[in-house]
Amino acid sequence: MSETVVRFAPSPTGFLHIGGARTALFNWLYARHTGGKMRLRIEDTDRARSTQAAIDAILDGLAWLGLAWDGEPVFQFARVERHRAVVEEMLARGTAYRCYCTAEELEAMRARAAAEGRPPRYDGRWRDRDPAEAPAGVAPAIRLRAPQEGETVIEDAVQGRVTFPNADLDDLVLLRSDGTPTYMLAVVVDDHDMGVTDIIRGVDHLTNAARQVHIYQALGWDVPRMAHIPLIHGPDGTKLSKRHGALGVEAYREMGYLPAALRNYLVRLGWSHGDQEIFSADEMIALFDLDHVGRSAARFDFAKLENLNGQYIRAAADADLLADFRVALPYLPGGAAAKAKLDAGLWEAFAAALPGLKERAKTLIDLLDGASFLLADRPLQLDGRAEALLTDEAKARLRALAGDLAGLSEWNAEAAEAVVRRFAEQEGVKLGQVAQPLRAAVTGRAVSPPIFDVLAILGRQESLARIADRAG
RNA sequence: GCGCCCAUCGUCUAGCGGUCCAGGACGUUGCCCUUUCACGGCAAAAACACGGGUUCGAGUCCCGUUGGGCGCGCCA
């Protein structure tokens with residue numbers, strides 16, 4: 001038994017979307033589980049739509065998710081000569097033929113089929129026609145001489161045995177009239193040349209799989225094992241679109257999700273291991289198998305992702321979480337500004353506050369928000385509503401409190417709390433409303449956010465309003 | 001239209017003929033904890049799409065219906 005080789009083969013026409021990320025994850029898990037390799041192939045044969053930016057986004061997305069591939073990425077376009085050579089061979093052996101149909105002709109063919117209620121398929125008009133009849137000035141496309149009768153069977157690792165009537169699969173184009181290879185041809189040749197043993201991809205490729213089998217057969221090559229995994233749909237069950245979660249993985253990074261949490265969420269979309277919900281990377285690798293991949297499409301659910309992310313944040317060791325946060329910070333909204341402001345002292349303060357902060361954070365953005373009292377400009381300003389609500393006397397009382405806090409010779413949670421407790425009693429507000437932010441901030445370290453700051457920055461307008469009421 | 005696939009709580013799913021008056025998780029609701037929020041604890045509501053078979057017995061097997069998805073390019 002030779003080593004397993006899988007591949008992830010995105011086309012660089014956009015970012016790495018969530019479905020692609022899961023396909024990559026499944027491939028990666030399968031490779032790691034079997035001790036094999038995952039290769040990366042960039043399917044850039046569509047020159048017009050392929051961009052370097054998309055290639056970068058895909059590579060970056062995979063790296064962020066921690067899905068490392070083996071060896072150098074293969075760029076499909078660089079292999080055109082090989083693809084052409086294979087087609088030449090097929091031509092010579094009669095498993096492919098030249099088709100002189102024009103685009104208009106094909107268009108008419110499809111239109112007629114639609115009008116007559118027939119499936120839109122190439123009718124094979126050049127299949128057995130004498131090349132001598134070729135019209136002058138028309139560059140031919142090369143088509144596969146596909147079997148017209150019988151059926152093609154795919155033994156799929158997740159879909160089971162799937163049978164296609166060959167009558168429904170027409171003679172696909174292998175080489176375009178401009179001499180460039182099509183996706184169908186390139187995939188087969190590249191998978192073969194790269195030694196791919198297992199193809200794991202979305203079910204949207206299932207029909208393609210049958211046609212590709214025809215190419216393998218025409219070439220006399222072994223067909224790799226295949227596993228077509230179900231697609232991910234939007235929350236409403238329809239195809240994932242922009243307004244759902246069809247964002248690039250970098251968008252999830254910007255929303256403050258941890259790659260480990262996203263991975264965990266993704267692996268449970270379609271795959272399960274009994275009732276287990278949380279999997280470390282090592283566990284996933286050890287337990288992942290194609291047998292337990294379901295066949296029905298899953299809907300993307302942000303609420304569950306968020307919950308999972310919160311669990312990961314809470315469970316993370318402080319040092320690890322701090323490291324993750326530092327790495328992610330530049331990508332978070334307002335993160336760049338925060339990063340610029342965080343000097344060594346503030347980082348220390350942040351690290352001190354982290355144990356308290358992470359208990360109530362579901363995303364890294366929540367963590368950043370929670371630390372806003374550390375980052376706000378001094379002296380602090382009350383927000384407009386509070387400014388309007390508070391009487392001068394109330395403001396003075398708040399400032400006095402701030403003074404009391406700032407004046408504490410030894411700053412710690414108990415001392416601060418004592419001051420705050422007195423204030424709370426005076427003002428008739430609940431201690432928890434002011435003490436909790438303090439506790440989160442202080443946690444015994446030399447951080448001193450005066451309560452004035454805390455109230456103003458956290459924008460607790462309802463508290464301020466209540467204080468204002470009491471004050472006059 | 002034709003082909004292929006899918007169908008268990010709102011969502012992700014467990015279930016591979018009896019141990020399922022269907023289990024877990026998210027979400028929702030209630031209670032507890034908490035002098036805010038969150039976390040945590042407890043509890044509740046919530047599903048085998050429908051109809052036929054097969055079988056002593058079906059969520060589990062077969063067929064059909066309905067609903068949904070994917071594919072049908074000289075795109076990938």
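Quick note on labels: first sequence line is chain A, next is B, and so on, each numbered from 1. In what follows, every heavy atom counts, from backbone to side chain, and hydrogens, waters and symmetry copies are set aside.
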So which protein nitrogen or oxygen atoms get under 3.5 Å of nucleotides 10-12 of chain B's nitrogens or oxygens?
residue	atom	partner	partner atom	Å
B/C12	OP1	A/Arg299	N	3.0
B/C12	O2'	A/Arg268	O	2.9
B/C12	O2	A/Lys304	NZ	3.4

Using the C1' atom in both, what is the distance from B/A25 to B/U34, to the nearest Å?
26 Å

Enter the distance from A/Leu62:CG to A/Met38:CE here, rounded to the nearest 0.5 Å.
6.0 Å

Nucleotide-resolved protein contact map, nucleotides 70-76 of chain B, B/S/- at heavy-atom distance under 4.0 Å
SSBSBBB

Residues at least two apart in sequence or cross-chain that pass side chain to side chain contact (heavy atoms under 4.5 Å, CB included) with A/His33, listed by chain then number, are none

Rounded to whole Å, how long is the line connecting atom CH2 of A/Trp271 with atom P of B/A14?
11 Å

For B/A22 versus B/A58, give the span between their C1' atoms, rounded off to a whole number of Å.
13 Å

Mind checking what makes side chain to side chain contact (heavy atoms under 4.5 Å, CB included) contact with A/Ala141, not counting sequence neighbours?
A/Val173

With a 3.5 Å limit on both atom pairs, tell me what B/U65 is paired to, counting Watson-Crick and G-U wobble, or say none.
B/A49

Are any of the side-chain nitrogens in A/Asp170 or A/Arg143 under 4.0 Å away from the carboxylate oxygens of its partner?
no

For atom C1', what is the distance between B/A47 and B/G10, given to the nearest Å?
10 Å

Who are the side-chain hydrogen bond (donor to acceptor under 3.5 Å, both in side chains) partners of A/Arg84, not counting sequence neighbours?
A/Glu81

So which protein nitrogen or oxygen atoms get under 3.5 Å of nucleotides 61-66 of chain B's nitrogens or oxygens?
none

Starting at the 5' end of RNA chain B and moving along, which residue's nearest nucleotide shows up first, A/Ser272 or A/Thr163?
A/Thr163

Both A/Gln159 and A/Gly274 contact RNA chain B. Taking the nearest nucleotide for each, which residue is further toward the 5' end?
A/Gln159

Could you tell me how far apart A/Asn264 (CG) and B/A25 (P) are, to the nearest whole angstrom?
15 Å

Quick check on contacts: within residues 306-316 of chain A, what sits under 4.0 Å from RNA chain B by heavy-atom distance?
A/Asn307, A/Arg314

Using Watson-Crick geometry (N1-N3 plus N6-O4 or O6-N4) or G-U wobble (N1-O2, O6-N3), each under 3.5 Å, B/C74 is paired with none

Interatomic distance at C1', B/G24 relative to B/C6, whole Å
23 Å

To the nearest 0.5 Å, tell me how far A/Leu185 CG sits from A/Leu219 CG.
8.0 Å

Verify the contact: side-chain N or O of A/Lys362 to OP1 or OP2 of B/C39, cut-off strictly under 4.0 Å; return yes or no.
yes

For the P atoms, the ones on B/U35 and on B/A45, what distance do you get once it is rounded to whole angstrom?
32 Å

Centroid-centroid distance, A/Tyr257 to A/Tyr265, less than 6.0 Å
no

Suppose we define a pair by two distances each less than 3.5 Å, Watson-Crick or G-U wobble; what does B/A25 pair with here?
B/U11

Taking atom P of B/C6 as reference, at what distance in whole Å does atom CD1 of A/Ile232 sit?
18 Å

Can a cation-pi geometry be assigned to A/Arg22 and A/Phe26, taking NZ or CZ under 6.0 Å from the six-membered ring centre and within 45° of the ring axis?
yes

What integer number of Å spans the P atoms of B/C74 and B/U65?
32 Å

Applying the Watson-Crick and G-U wobble criteria at under 3.5 Å, what pairs with B/C56? Answer none if nothing qualifies.
B/G18

B/G71 and B/A38: how far apart are their C1' atoms, nearest whole angstrom?
47 Å

Residue pairs, two or more places apart or on separate chains, that pass salt bridge (Lys or Arg N to Asp or Glu O under 4.0 Å) and touch residues 291-314 of chain A:
A/Glu277-A/Lys304

Watson-Crick or G-U wobble mate for B/G30, both contacts under 3.5 Å
B/C42

In plain terms, say whether A/Arg7 and A/Asp190 are close enough for a salt bridge, that is, a side-chain N and a carboxylate O under 4.0 Å apart.
no

Could you note down all residue pairs passing side chain to side chain donor-acceptor pair (under 3.5 Å) where residues 52-61 of chain A supplies at least one of them, sequence neighbours left out?
A/Gln52-A/Asp56, A/Asp60-A/Arg253

Who passes side chain to side chain contact (heavy atoms under 4.5 Å, CB included) against A/Ser296, sequence neighbours left out?
none

A/His292 NE2 to B/C16 C1', straight-line distance once rounded to whole Å
9 Å

Tell me every residue that passes side chain to side chain contact (heavy atoms under 4.5 Å, CB included) with A/Pro333, counting only those two or more places apart in sequence or in another chain.
A/Ile365

Distance, C1' atom - from B/U55 to B/A14, rounded to whole angstrom:
25 Å

Is it the case that A/Tyr183 and A/Asn208 place a side-chain donor and acceptor less than 3.5 Å from each other?
no

Taken to the nearest whole Å, CZ/A/Phe302 to P/B/U28 is 16 Å

If the condition is side-chain hydrogen bond (donor to acceptor under 3.5 Å, both in side chains), which residues does A/Arg110 pass it with, not counting sequence neighbours?
none

